S.K.: 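Take a look at this one; I'll ask things after.
Just so it is clear, the model here is predicted, and its values are computed rather than measured. Side chains are part of it too, since the values below use all heavy atoms of this structure and drop only hydrogens, waters and symmetry mates.
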Protein chains: 2
Amino acid sequence: MGRTSDAKERLMEAMSELIWTGSYGTTSVDQICERAGVKKGSFYHFFESKTELAVTSIDHGWTEHRKKLDQTFSPVIPPLERIWRCFQEFRQEQEEMKAKHGRVLGCPIHSLGAEVSTTDDKLRDKLQEILAQFIRYYESALRDAHFQGIIDAPDSPALARIIFAYGEGLLLHARIWNDLSHLNEMEAGARRILGIKD
Amino acid sequence: MGRTSDAKERLMEAMSELIWTGSYGTTSVDQICERAGVKKGSFYHFFESKTELAVTSIDHGWTEHRKKLDQTFSPVIPPLERIWRCFQEFRQEQEEMKAKHGRVLGCPIHSLGAEVSTTDDKLRDKLQEILAQFIRYYESALRDAHFQGIIDAPDSPALARIIFAYGEGLLLHARIWNDLSHLNEMEAGARRILGIKD
DNA sequence: TGGGAAGTTGACCAGTTGGTTAAGTTGGCG
DNA sequence: CGCCAACTTAACCAACTGGTCAACTTCCCA
């Protein structure tokens, strides 16, 4: 019943892109609407606030991204190989973003988290949720690697947090320096953390 | 000659605090002025723009912070001890900030970098400069540790970048989760990265 | 002591902010 | 076909944005 529209999807996509290329604070509702080709009245027909759009579009983007991650971290793939592939995909994604926007953009979840976590509770809660889920991919890969005797990691959650913090730190440096080469050392650094010689 | 004033210092301090507790984008000139007890006309007597105040106050804060770091990383102190002390000071500072503001604030340089590095060139350049300087503390400590045979680190700059990225990642997680306990594992994680058993 | 540089003040600006509203248009479905 | 829910539109809002300015006060120094 009633009319149909893809304005909601267009708004979510515009918001995601603007947050990633810029920041939440400097992204105005007018900008979002312009990029999405949607009038402001329609914006507030679909979303009750700018924050709600952000939460919804971040959530939607993560749900999409998880599909790829589920493949990357498939139990069929050797455990450490999963992690190296994940790093390669980080790199590929950042390359694409640099080609498209002329800038290395890093991880939108962390950039947004750094910006809003003291001021926007709803957004912060969503970001926490996503980050906590992400760590589980590392965690289960490391647990598998430990049980296969590939690495020595009796405390895989702790080790996963180290790898995670390290990877996010690198991604952030890549954004700040607008330089993909920071990502080159990701695997080597992780090997060092995992205590793998080579 | 003429009148003297500490309004400039008050503005810098207000800006630093507001950036740290919130973000650059959500900090308005009016807010800064109110907190500093300075009228807007005076603001623009001392600074040509909001960006310039941010650059100046960040720079000033770093110059102050370096004094402490120079002591922490004194060549007199055993090299790895310097790093552990630095971590302890991170923790102490975050504890103080949490007591004062009710929130874990993380590293203002990185939070700011995540937010503005795609949009504000002057600010980004300043942040890059500071971060590059910070890494050197780790770097020289690691070089010393290597030459003293305490660790195996032929490529100390690369290792310093790993430790740095890791530490910043943890600080960011502490901010996002508003939880100091993320910092507890800092030394243990760094030991693992450095390949130290214990 | 007094000239003048340095600092202060509050009124002012145009543009933008997130958000509202009421009247209109569309098209799925009974 | 025609109803009516779903969607669109443009005009509107008060508060706030970063920034300006000319008149005024202070107080250092010659």
Side-chain angles (χ1 to χ4, degrees), chain A residues 1-19 21-58 60 112 115-124 126, chain B residues 1-19 21-58 60 112 115-124 126:
Chain A
M1 27 166 107
R3 228 162 144 177
T4 57
S5 165
D6 63 342
K8 199 170 177 176
E9 284 68 37
R10 265 148 49 212
L11 285 166
M12 290 196 292
E13 194 158 334
M15 181 92 213
S16 294
E17 203 171 290
L18 287 167
I19 286 177
T21 55
S23 68
Y24 179 75
T26 59
T27 298
S28 72
V29 175
D30 282 344
Q31 264 179 80
I32 299 161
C33 289
E34 200 195 330
R35 170 150 331 199
V38 164
K39 293 292 181 313
K40 217 179 352 200
S42 287
F43 181 112
Y44 286 99
H45 172 72
F46 291 107
F47 301 99
E48 70 171 11
S49 67
K50 185 184 159 188
T51 293
E52 203 220 319
L53 168 60
V55 170
T56 308
S57 60
I58 292 288
H60 181 262
L112 190 52
E115 185 185 352
V116 306
S117 55
T118 59
T119 49
D120 191 316
D121 294 356
K122 288 180 184 177
L123 217 28
R124 187 203 344 107
K126 175 53 71 183
Chain B
M1 22 167 110
R3 230 164 144 173
T4 56
S5 165
D6 62 342
K8 199 171 178 176
E9 285 68 37
R10 266 151 44 215
L11 285 166
M12 290 195 292
E13 192 156 335
M15 181 92 209
S16 295
E17 203 171 290
L18 287 167
I19 286 177
T21 55
S23 69
Y24 180 74
T26 59
T27 299
S28 73
V29 175
D30 282 344
Q31 264 179 80
I32 300 161
C33 288
E34 199 194 331
R35 170 151 330 200
V38 165
K39 292 293 181 316
K40 208 157 34 176
S42 288
F43 180 111
Y44 287 98
H45 173 70
F46 291 108
F47 301 98
E48 69 172 12
S49 67
K50 184 184 160 188
T51 293
E52 202 219 322
L53 168 59
V55 170
T56 308
S57 60
I58 291 288
H60 181 261
L112 191 51
E115 186 185 351
V116 305
S117 54
T118 58
T119 49
D120 191 315
D121 295 357
K122 289 180 183 175
L123 215 29
R124 190 207 334 112
K126 176 52 71 182

S.K.: With heavy-atom distances below 4.5 Å as the criterion, would you say the side chains of A/T51 and A/Y24 are in contact?
M.R.: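 A side-chain contact under 4.5 Å exists here.
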
S.K.: Roughly how far, to the nearest 0.5 Å, is the NE2 atom of B/H60 from the CE atom of B/M15?
M.R.: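 It is 15.0 Å, given to the nearest 0.5 Å.
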
S.K.: Quick one: does A/S117's side chain have a donor or acceptor within less than 3.5 Å of a partner on A/R124's backbone?
M.R.: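 Answer holds: no.
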
S.K.: Rounding to a whole Å, what distance do you find between A/L11:CG and C/dG18:P?
M.R.: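 So the two atoms are 14 Å apart, to the nearest Å.
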
S.K.: Going 5' to 3' along DNA chain D, which are the first and last nucleotides with any atom under 4.0 Å from a heavy atom of chain B?
M.R.: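 So the contact region on DNA chain D extends D/dT17 to D/dC29.
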
S.K.: With nearest nucleotide decided by heavy atoms, which residue, A/R3 or B/A7, maps closer to the 5′ end of DNA chain C?
M.R.: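 Checking each residue's closest nucleotide, the 5'-ward one belongs to B/A7.
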
S.K.: At their closest point, which heavy atom of B/T56 faces which heavy atom of B/E52, and how far apart are they?
M.R.: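 Minimum heavy-atom separation between B/T56 and B/E52: OG1-O, 2.7 Å.
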
S.K.: Measure from the side-chain N and O atoms of A/K126 to the backbone N and O of A/A54, and report whether any donor-acceptor pair falls under 3.5 Å.
M.R.: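 Looks like no, no N/O pair under 3.5 Å.
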
S.K.: Just so I know, are the side chains of B/T118 and A/T21 near enough to count as touching, which here means a heavy-atom distance under 4.5 Å?
M.R.: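 Not in contact.
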
S.K.: Side chains of A/M12 and A/F47: closer than 4.5 Å at any heavy-atom pair?
M.R.: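 Of all side-chain heavy-atom pairs linking A/F47 with A/M12, at least one is under 4.5 Å.
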
S.K.: Report the distance from atom NE2 of B/H45 to atom P of C/dG7, rounded to the nearest whole Å.
M.R.: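 These atoms are roughly 4 Å apart.
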
S.K.: Look only at the side chain of A/E115 and the backbone of A/G25, and say whether a donor-acceptor pair between them is shorter than 3.5 Å.
M.R.: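 Yes, because the side chain of A/E115 sits within donor-acceptor range (under 3.5 Å) of the backbone of A/G25.
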
S.K.: All N/O contacts under 3.5 Å from nucleotides 19-23 of chain C to the protein, with atom names and distances to one decimal?
M.R.:
{"residue": "C/dG19", "atom": "OP2", "partner": "A/Y44", "partner atom": "OH", "Å": "2.9"}
{"residue": "C/dG19", "atom": "OP2", "partner": "A/K50", "partner atom": "N", "Å": "3.1"}
{"residue": "C/dG19", "atom": "O5'", "partner": "A/Y44", "partner atom": "OH", "Å": "3.4"}
{"residue": "C/dG19", "atom": "N7", "partner": "A/K40", "partner atom": "NZ", "Å": "3.3"}
{"residue": "C/dG19", "atom": "O6", "partner": "A/K40", "partner atom": "NZ", "Å": "2.9"}

